[in-house]
Amino acid sequence: MQQMRYVVAVAEERSFTRAAERCRVVQSALSHQVKALERELGVSLFARTSRRVELTPAGEAFLPAARASLAAAERAQVDAAAAAGEVRGALSIGLIPTVTAVDVPRALAEFHRAYPHVQIGLRGGGSDGFVSEIIAGRMDAAILGFPDDVRVTGVATRVLARERLVAVVPEGHPLAGPADAAGPAGVATLPRDGVRLADLAGETFADFPADTPGRAQSDRAFAAAGVRRDAAFEAMDVGLLLELVRNGLVVTIMARGLVAGQPGVRAVELADGPTRVEYLAWSAFNPSPAALAFLGFLERSDAAATPSPR
């Protein structure tokens, strides 16, 4: 098994030196083990020069099975430890940039204290990509955000939150209301029946990139309201979007929890704004002990709160 681990390291690093550093062995020992495996197999796995290392066709054919064998061995160790009452192994979690239903730092701190032997890997990105990664078995769980009329398929899900988004405008904007009109979480309370998407016509918008679920919820809402808008700026970074609003360049739409406590911006209730659903997603096919522990933990944790629908 150690020989296969060395082969995978050399293939990924394309260097015997870097592979030895990664495996924390001396290079001569790693090279000896790789050559011993090649002799046993009767084929060369690598083409070598003093400056270059590449897989041979035999090496290319060997690599997928080697990776699968290593993964199976690691899973066997993890399952054996879990049967003895100790949860360990790797846990890959995807997080969209607009998580509001879970206090992520608090949840991870509590989970780590409860399961100190689980190695946690966090990945940022978009909901569609996370669903694909979970289906492919490359990710254990993710927090997703989708418009409320989208059905998430291919993965197991649990609704964490369902909330109507708010408009975010700079302080002093006509729709922000007077300075003393802000209600809970900095949401402006205006002396009329409420702001509608039509009131934002003509504004310059910043939003998430086109063809992402974060953007789709706003695009659909504006289309349903018959309002055309100019999304002149696109970014996945919530902090950057808020900074553009703060500087009076744009307005945007996002979850209220992302705006609370932010200086220089005001969140404005929208009577016909889009509704976003935040999900916890995972694969129901043979989840690892670490994944099961994480799912159960979030089910019980106070760090995962579900805002009331609005």
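What you are looking at is a predicted structure, and each value in this text was computed from that prediction instead of being measured.
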> Run the side-chain contact (heavy atoms from CB on, under 4.5 Å) check on Trp282 and Val155 step by step: do they pass?
CA-CA 6 Å; Trp282 68 95; Val155 296; over 6 Å; no

> Please walk me through it: do Leu160 and Val102 pass side-chain contact (heavy atoms from CB on, under 4.5 Å)?
CA-CA 8 Å; Leu160 295 173; Val102 176; 3.9 Å; yes

> Between Ser283 and Phe285, is there a donor-acceptor pair closer than 3.5 Å when you use the side chain of the first and the backbone of the second?
yes

> Would you say the side-chain atoms of Asn247 pair up with the backbone N or O of Glu243, donor to acceptor, closer than 3.5 Å?
yes

> Any donor-acceptor pair under 3.5 Å linking the side chain of Thr212 with the backbone of Phe208?
no

> What I want to find out is whether Arg158 reaches Glu299 closely enough, with some N-O distance under 4.0 Å, to be called a salt bridge.
yes

> Can you see which heavy atom on Asp140 is nearest to which on Ser92, and at what distance?
OD2-N, 2.8 Å

> Determine whether Leu244 and Val250 make a side-chain contact, defined as any pair of heavy atoms from C-beta on separated by less than 4.5 Å.
yes

> Measuring from atom OG1 of Thr17 to atom CD of Gln27, what distance do you get when rounded to the nearest 0.5 angstrom?
3.5 Å

> Kindly write out the residues that satisfy side-chain contact (heavy atoms from CB on, under 4.5 Å) with Arg24, not counting sequence neighbours, or none if the list is empty.
none

> Look at the side chain of Arg196 and the backbone N and O of Asp272, then say whether any donor-acceptor pair between them is shorter than 3.5 Å.
no

> Which atom pair, heavy atoms only, marks the closest approach of Pro170 to Val245?
CB-O, 3.2 Å

> Report yes if the side chains of Arg5 and Val8 come closer than 4.5 Å at any heavy-atom pair, otherwise no.
no

> Which value, rounded to the nearest 0.5 Å, describes the distance between Leu249 atom CG and Leu241 atom CG?
11.5 Å

> Hey, does Arg48 have a side-chain heavy atom less than 4.5 Å from the side chain of Glu54?
no

> Quick one: are Leu200 and Leu270 in side-chain contact, heavy atoms under 4.5 Å?
yes

> Go through Ile93 and Leu95 one step at a time and tell me if the side-chain contact (heavy atoms from CB on, under 4.5 Å) criterion holds.
CA-CA 7 Å; Ile93 304 171; Leu95 298 172; 4.1 Å; yes

> State the CD1-CZ distance between Ile135 and Phe130, to the nearest 0.5 angstrom.
14.0 Å

> Tell me whether Glu278 contacts the main-chain N or O of Ala101 through its side chain, where contact means a donor paired with an acceptor under 3.5 Å.
yes

> Does anything in residues 228-238 form a side chain to side chain donor-acceptor pair (under 3.5 Å)? List the pairs, not counting sequence neighbours.
Asp207-Arg229, Arg215-Glu234, Asp219-Arg229

> Which pair of heavy atoms, one from Leu197 and one from Ala221, lies closest together, and at what distance?
CD1-O, 3.5 Å

> Would you indicate whether the side-chain heavy atoms of Ile253 and Val168 approach each other to under 4.5 Å?
no

> With sequence neighbours excluded, what pairs up with Arg39 under the side-chain contact (heavy atoms from CB on, under 4.5 Å) test?
His32, Lys35, Ala36

> Could you give me the CA-CA distance, side-chain angles and deciding distance for Val265 and Val169, then say whether side-chain contact (heavy atoms from CB on, under 4.5 Å) is met?
CA-CA 6 Å; Val265 300; Val169 301; over 6 Å; no

> Can you find a pair of side-chain heavy atoms, one from Leu165 and one from Pro274, that are under 4.5 Å apart?
yes

> If every non-hydrogen atom of Val166 is compared with every non-hydrogen atom of Ala255, which pair is closest and at what distance?
CG2-C, 4.5 Å

> Any chance the side chains of Thr100 and Arg276 put a donor and an acceptor closer than 3.5 Å?
yes

> For the hydrophobic clusters of this structure (ILVMFWY residues joined by side-chain heavy atoms under 4.5 Å, transitively), does one cluster hold both Leu292 and Tyr115?
no

> Centres of the Phe205 and Phe222 rings: under 6.0 Å?
yes

> So does Glu269 pair up with Arg256, basic N to acidic O under 4.0 Å?
yes

> Please, which pairs that meet side chain to side chain donor-acceptor pair (under 3.5 Å) have at least one residue in residues 142-152, sequence neighbours excluded?
Asp149-Arg220

> Looking at Ala206, is its backbone amide N or carbonyl O close enough to the side chain of Thr252 to form a donor-acceptor pair, meaning the two atoms are under 3.5 Å apart?
yes

> Given the rule that I, L, V, M, F, W and Y join up when any side-chain heavy atoms are under 4.5 Å apart, are Val26 and Val10 in one cluster?
no

> Holding to ring-ring contact (aromatic ring centres under 6.0 Å, His included), I want the full list of residues that pass it with Phe294, two or more places apart in sequence or in another chain.
Phe111

> Kindly give the heavy-atom pair with the smallest separation between Ser69 and Met4, and that separation in Å.
CB-CE, 3.8 Å

> For residues 120-130, which residue pairs pass the side chain to side chain donor-acceptor pair (under 3.5 Å) check, not counting sequence neighbours?
Arg123-Glu133

> Measure the CG-CG distance between Leu144 and Leu280 for me, rounded to the nearest 0.5 Å.
8.0 Å

> On a heavy-atom basis, which atom in Thr204 and which in Ala232 lie closest, and how many Å separate them?
CG2-CB, 3.8 Å

> Would you indicate whether the side-chain heavy atoms of Arg162 and Val277 approach each other to under 4.5 Å?
yes

> About how many Å separate CD1 of Ile120 and NE2 of His112, when rounded to the nearest 0.5 Å?
7.0 Å

> Let me confirm one number: the OG-CD distance from Ser44 to Glu38, rounded to the nearest 0.5 Å.
5.0 Å

> Taking the side chain as every heavy atom from C-beta outward, state whether Thr98 and Met254 have any atom pair closer than 4.5 Å.
no

> Is the shortest distance from a Lys or Arg side-chain nitrogen in Glu12 or Arg67 to a carboxylate oxygen in the other one below 4.0 Å?
yes

> So with a 6.0 Å cut-off around CZ of Arg138, is the heavy-atom count from everything else above 12?
yes

